[in-house]
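This one's a predicted model, so the numbers in the text were calculated from it and none came from an experiment. Side-chain atoms are counted along with the backbone in the values below, which use heavy atoms only and exclude waters and symmetry mates.
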Amino acid sequence: MFSVKNVTKKYGKFTANQDISFEVRDGEIAVLLGPNGAGKSTIIKSIAGLLRFSGEITINGSPNKSLEAKAALGYVPEMPAVYDLLTVWEHMEFIARAYKLDSWQQDAEALLARFELWDKKGKLGKELSKGMQQKVSICCALLHRPRVMIFDEPMVGLDPHAIKELKEVFKELRADGASLLISTHMLDSVEDYWDVAHIMKDGRFAATLRSGQVTEAGETLEELFFSITEGQPKEGGDAK
C-alpha cells in the first residue's frame with residue numbers, strides 16, 4: 001500500500017497541489033480523475049519521487065524516496081521514457097540490472113510477447129512509434145514485479161490489443177494484492193474495475209467516490225465526474 005499525507009506542491013506562487021491526503025490499500029485500484037491542469041500529474045510525480053513537496057508520502061511504510069520504496073514501485077509516466085540508442089531488449093536488460101533481478105529473461109520475453117513487441121526486440125528506442133515506446137515503458141515498469149504501480153495516462157497511444165492486455169494486467173495486479181493508482185482522462189477505460197475514484201479540481205480533491213456507492217446511486221462514474229467538475233461539488237467535497 002502507499003499513503004499520501006498533507007502533500008502540497010508549489011511552483012513559485014502557483015499551488016499545483018494543496019493539502020492532498022489519501023491512501024491506496026493492498027489489492028485496490030484507485031483512479032485519479034480531473035480536467036487538464038487539475039494537478040493529477042503533479043501528485044503522481046511527487047509519489048514517484050520526481051518532485052520536491054511538503055508533506056509525507058510512504059510506500060509500503062518507507063519514505064517514497066528511499067531505496068526500499070523505489071524497489072517496490074513501478075511507474076509508467078505520461079510521456080514514454082525510452083533511450084534512443086538502446087534496443088527494446090536492452091531496455092529490459094537495463095531494468096533487470098538496475099533492480100538486480102535474477103532469472104528475469106523469461107518474464108521479459110513473456111511481457112514483450114504479451115504486448116506484441118517480441119518481433120521488435122532488436123529495434124532501437126528512436127525507431128519505435130510513440131505507441132510502441134509506451135508499451136516498452138509499461139513492460140519495463142512491470143518487469144521487477146512491483147507491489148505499488150502508478151500509471152499516468154497509460155492508454156494514450158496504445159492500440160486496441162495493448163489496451164485490452166493492460167486492462168487485464170490491472171486486474172491481475174489487484175488480484176495479486178498490489179496497489180494501483182491510475183490517472184486517466186478516458187473514463188470508459190476504468191469504468192468496469194475501479195475501487196475508489198479521486199476527482200481533482202484546482203489542485204485539490206473535489207470528491208472521493210467508492211464504486212459501491214456509485215452503483216447504489218444508479219449513476220455512472222462519468223455522470224458524477226461531470227457533475228462535480230462542471231457543476232457544484234458535493235457538500236464537504238467528499239463522497240466517502
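The hydrophobic cluster containing M79 does not contain M186, counting ILVMFWY residues as joined when their side-chain heavy atoms lie under 4.5 angstrom apart, directly or transitively. There is a path of hydrophobic side-chain contacts, each under 4.5 Å, that joins M132 to F94. A single hydrophobic cluster is seen to contain both V190 and I29, as judged by linkage of ILVMFWY side chains at heavy-atom distances under 4.5 Å, directly or through other members. Linking Ile, Leu, Val, Met, Phe, Trp and Tyr residues whenever their side-chain heavy atoms come within less than 4.5 Å places W118 and W104 in a single cluster.
Under the 4.5 Å side-chain criterion, counting only non-hydrogen atoms from C-beta, V31 is not in contact with S183. Put simply, the side chain of W89 does not reach to within 4.5 Å of the side chain of K120, judged on heavy atoms. Under the 4.5 Å side-chain criterion, counting only non-hydrogen atoms from C-beta, T229 is not in contact with M200. Side chains of I57 and P63 form no contact here, defined as non-hydrogen atoms less than 4.5 Å apart. Between F170 and I182, some side-chain heavy-atom pair lies under the 4.5 Å cut-off.
Within a 6.0 Å radius of NZ in K5, other residues, nucleotides and ligands contribute 12 heavy atoms or fewer. Within a 6.0 Å sphere centred on NZ of K70, heavy atoms belonging to other residues, nucleotides or ligands number more than 12. In Y83, the OH atom is not crowded: 12 or fewer heavy atoms of neighbouring residues, nucleotides or ligands sit closer than 6.0 Å.
When all heavy atoms are compared, the tightest approach of W194 to L209 is CZ3-O, 3.3 Å.
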Exercise. Is there a side chain to side chain contact (heavy atoms under 4.5 Å, CB included) between I47 and Y75 once you walk through the steps?
Worked result: CA-CA 10 Å; I47 296 168; Y75 170 51; over 6 Å; no
Exercise. Between E172 and R114, does a salt bridge (Lys or Arg N to Asp or Glu O under 4.0 Å) hold up when you go through it step by step?
Worked result: CA-CA 14 Å; E172 291 166 9; R114 183 169 192 174; 2.9 Å; yes
For this session: Start with the C-alpha gap between V88 and L128, add the side-chain angles, then the distance that decides, and say whether side chain to side chain contact (heavy atoms under 4.5 Å, CB included) holds.
Result: CA-CA 9 Å; V88 171; L128 302 174; 3.7 Å; yes
For this session: Tell me, with the steps shown, if S179 and M149 meet side chain to side chain contact (heavy atoms under 4.5 Å, CB included).
Result: CA-CA 6 Å; S179 309; M149 279 294 309; over 6 Å; no
For this session: Show your working on side chain to side chain contact (heavy atoms under 4.5 Å, CB included) between L124 and D84 and close with a plain yes or no.
Result: CA-CA 6 Å; L124 296 174; D84 285 349; over 6 Å; no
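Salt bridge status for D176 with R145: absent, with no side-chain N to carboxylate O gap under 4.0 Å. Taking a cutoff of 4.0 Å between a charged side-chain nitrogen and a carboxylate oxygen, E93 and R97 qualify as a salt bridge. In this structure, R174 pairs ionically with D195, as a charged nitrogen and a carboxylate oxygen lie closer than 4.0 Å. Looking at E28 and R210, a side-chain N of the basic residue comes within less than 4.0 Å of a carboxylate O on the acidic one, giving a salt bridge. Between K40 and D152, no side-chain nitrogen of the basic residue sits less than 4.0 Å from a carboxylate oxygen of the acidic one, so the salt-bridge criterion is not met.
Atom CG of N6 sits about 10.0 Å away from atom CD of Q18, to the nearest 0.5 Å. Taken to the nearest 0.5 Å, the NE2 atom of H198 stands 9.5 Å off from the CD1 atom of I20. In this structure, I138 CD1 and M155 CE are separated by 8.5 Å, a value rounded to the nearest 0.5 Å. Rounding to the nearest 0.5 Å places CD of E222 at 10.5 Å from CG of L33.
In this pair, F22 and F205 present their aromatic rings tilted. The plane angle is within the 30 to 60° band.
A cation-pi arrangement is present between K9 and Y11 under the rule of less than 6.0 angstrom and at most 45 degrees off the ring axis.
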